[in-house]
Amino acid sequence: MALARFGVSLEEEVLRALDHFVIENSFPNRSRAIRHLIEKNLVEEKWQSNELVAGAVVLLYDHHKGDVTNKANHLQHHYADVILSSQHFHLSHDNCMEIIAVKGHAARLTELSDKLIGLKGVIHGQLIMSKTE
Ligand code: NI
């Protein structure tokens, strides 16, 4: 894609914050950092507008707690239409991590994510929001 250039005027303080952001996140330059922030905003808009999006649900749970393994599995069967794949990692004697790649309308993905993360026995869960194109 062809690149277009434009001038940006910022207060000194905001420019310092941008440069700090560039360094903290290991961006090679300000352009990459600004691009990242714009993409982040576009993705958020897509999720808020219930567009077709993609992402991943990361779950950490203790498989001894309650019936979490079966319940997580049962839920995933109910949402098979939006699940691309899932990976299960036996992290330690007690803990499992699952990464569930999803694609579909944002509201349905958020619904699945909320249900999974809300299961009793889940230690940590996060929905990673991305987009399809
Ligand atoms: Ni496991």
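All ligand and atom numbering here is 1-based and tracks the order in the structure.
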How about Asp67 and Asn70: does a side-chain donor come under 3.5 Å of a side-chain acceptor?
-> yes
Would you say Asn25's side chain and Phe21's backbone share a donor-acceptor pair under 3.5 angstrom?
-> yes
Sorted by chain and residue number, which protein N/O/S atoms are under 2.8 Å from the Ni ion (ligand 1)?
-> His88 NE2, His90 ND1, Cys96 SG
With sequence neighbours excluded, give me every ring pair (Phe, Tyr, Trp, His ring centres under 6.0 Å) pair touching residues 53-76.
-> His64-His93, His74-His78
To the nearest 0.5 Å, what is the distance between CG (Leu116) and CG (Leu59)?
-> 5.0 Å
Residue pair Ile117 / Gln126: nearest heavy atoms and the distance that separates them | CD1-N, 3.7 Å
So which heavy atom on Asn29 is nearest to which on Arg32, and how close?
-> OD1-N, 2.8 Å
